[in-house]
Each structure stands twice: as structure tokens, then as C-alpha cells.
Amino acid sequence: MRSGRKSSSVDKAFEIVAAVSEAGRSGITLGALAARAGVAVSTAHRYVTSLLELRVLDRDAAGCYRLGVTLIMLAGQYLDEDGLRAVAQPYLAELVELSGETVHLGIPVGHQIVYIDKVESAKSVRLVSRIGNRAPLHCTAMGKAVLALLDTPTIEEVLSGHLDLRTPHTLTGDDLLTELELIRRQGFAIDDEENEEGVRCVGLPIRNSAGQPVGAFSVSAPAGRFSIDDCHRLAPRALTMAADISHRLGYGPAKNGLRP
């Protein structure tokens with residue numbers, strides 16, 4: 001039985017791991033880690049000592065901390081056993097063949113989308129991304145596709161928080177609400193250089209047996225070779241794929257589009 005109590009030690013350990021993750025490949029020093037986690041350096045040192053012993057974190061020769069092999073092993077096991085990823089993989093491969101561009105699969109975690117799979121474009125110029133990357137819900141194709149299907153209180157919570165203006169094209173406020181309504185009507189979302197200048201994406205939501213958005217996939221490419229018209233031309237086949245994946249996860253009959 002759950003007591004309802006919250007372990008502050010566990011919470012703080014995860015905050016430290018998250019801060020190291022956000023630092024990326026360059027790693028992070030103990031002082032910077034303590035500042036980002038909001039703890040004293042001595043406290044951060046105590047936590048990282050345990051995390052190093054567990055190989056959750058690694059420390060390089062310069063003294064910077066990075067994610068360790070234990071997390072890689074656990075993430076690999078999760079991805080191997082993850083039903084969404086297994087169901088979606090053949091569709092992602094087909095979509096790459098159809099579009100010639102890179103395809104991502106993501107899941108919502110808080111107010112972000114986390115990439116859990118990708119299939120690379122064969123083209124010499126392609127996007128740089130990796131599994132485990134996180135991106136905001138409000139300005140990405142996958143994120144907006146999911147956000148549009150969430151309940152009103154959750155949407156209001158996301159929109160009332162701080163929304164990064166990632167580019168001059170990032171939508172917020174009433175413009176974003178209007179965009180979400182369009183996404184609900186058409187069944188897909190377009191990131192028109194809203195998250196990264198020079199990059200355009202089309203994204204579609206995936207629902208579980210309860211009809212809740214549990215993930216999304218997107219086609220991403222340099223904007224110069226992937227126009228808004230290209231996104232719309234690709235959408236009908238991608239809508240069918242999204243409906244098929246959702247159907248295999250238990251959501252309704254397979255059909256063209258996800259709207260009930």
C-alpha cells in the first residue's frame with residue numbers, strides 16, 4: 001500500500017540526474033550542478049558520490065559529470081520492451097521511405113516530448129538529433145499534436161507557464177490556442193520553424209486504448225526542401241498510419257484520422 005509520503009531524497013536525486021542530462025555531452029561541474037539543483041555543493045557531492053557508485057553517473061578526467069552506463073542499460077531495456085515503440089517501428093520505416101526524411105517517435109513527459117526512437121534519412125544533409133532528446137510541447141510538431149488532444153485544464157496549465165520563444169515563429173497565447181483547434185480538426189500538426197529556424201516538421205498523435213494521447217511521430221527536414229505543401233501532401237498517408245498504430249494499441253477501429 002502506498003503511504004502517500006514523498007521521499008525528498010529520491011526527488012533530489014532525480015533532480016540531480018535530470019540536471020546532468022540537460023547538460024548533455026559536455027557534462028557539468030559539481031558547482032554548476034549544485035546551483036542548477038538548488039542545493040549546497042556539499043549536498044550535491046553527497047548525492048553524486050552515491051550515484052557514481054551505482055554507475056548512474058560517470059565523471060570524466062576534467063571532473064565533469066555525465067549520465068552513466070546504468071541509465072543506458074535501463075533505457076535500453078525499456079525501449080526493447082516498450083509496446084508503443086515496437087508497434088510503431090515498421091510505420092516509421094515506411095514513412096522514411098515515403099518521405100525521404102528523418103522520422104521521430106516521442107512520448108509526452110510533463111510539458112515536454114521525449115524522443116524514444118528515430119529512423120534517419122538517407123540524405124547527406126539531415127537533422128542532428130538523438131534518442132533521449134527533449135523538446136517543448138508548445139512549439140514542436142509532435143508536442144502540439146499531443147497537446148491539442150489533452151484536456152482543457154492541462155492545456156491551460158501548459159499555456160499559463162513560461163513558454164520559450166525558441167524562434168521568431170514560435171506561437172503562444174491566443175495564436176497557439178487557434179493552432180491547437182486547427183490541429184484537432186485536421187488531425188495533424190505542423191512545426192513551421194517554431195522550434196528551430198530552418199527546420200519544418202509534420203507530427204501526428206498516437207492514442208492508447210482509453211483514447212488518451214500517449215505519443216506522436218513526426219517527419220522532420222530542412223525547411224528549404226520540406227514545404228508546407230509537402231506536409232499536407234504527406235498527411236493523408238501519415239493519418240492512416242497514426243490510426244493504425246492507435247488501433248493496434250487498442251484505440252477504436254483503424255481509420256483515416258484519429259478523431260472519434
How would you list, by chain and number, every residue that makes a ring-ring contact (aromatic ring centres under 6.0 Å, His included) with His169, sequence neighbours excluded?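 In terms of ring-ring contact (aromatic ring centres under 6.0 Å, His included), with neighbours along the sequence ignored, His169 is linked to no residue.
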
Determine, using the 4.5 Å side-chain heavy-atom cutoff (strictly less than), whether Leu182 and Leu159 are members of one ILVMFWY cluster.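 Hydrophobic grouping puts Leu182 apart from Leu159.
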
Output yes when Glu197 and Arg166 qualify as a salt bridge under the 4.0 Å nitrogen-oxygen rule, no when they do not.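 Salt bridge absent between Glu197 and Arg166.
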
Taking only Lys NZ, Arg NE, NH1 and NH2, and the carboxylate oxygens of Asp or Glu, determine whether Arg66 and Asp60 approach each other closer than 4.0 Å.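 Yes.
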
For the CD1 atom of Ile16 and the OH atom of Tyr65, what is their distance to the nearest 0.5 Å?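 Spacing of CD1 (Ile16) from OH (Tyr65) equals 10.0 Å.
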
Heavy-atom side-chain proximity of Thr102 to Val96 below 4.5 angstrom: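 In short, these two side chains do not touch, never coming nearer than 4.5 Å.
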
Minimum-distance pair of heavy atoms, taken over all atoms of Ser99 and Leu234: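 Looking at all heavy atoms of both residues, the closest pair is CB-CD2, 4.0 Å.
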
For Arg237 against Leu98, the heavy-atom pair lying closest together: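 Arg237 and Leu98 have their closest heavy atoms at CG-CD2, 3.5 Å.
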
Between Thr154 and Asp151, a side-chain donor and acceptor under 3.5 Å: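 Side-chain D/A pair, Thr154 to Asp151: present.
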
Modelled atom types, side-chain donor and acceptor of Asp230 and His232, under 3.5 Å: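 No donor-acceptor contact under 3.5 Å links the two side chains.
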
Around Arg59, counting heavy atoms of other residues, nucleotides and ligands shown, do more than 12 lie under 6.0 Å from its CZ?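 Counting other residues, nucleotides and ligands, CZ of Arg59 stays at 12 neighbours or fewer.
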
N/O donor to acceptor pairs below 3.5 angstrom from side-chain atoms of residues 31-47, sequence neighbours left out:
none

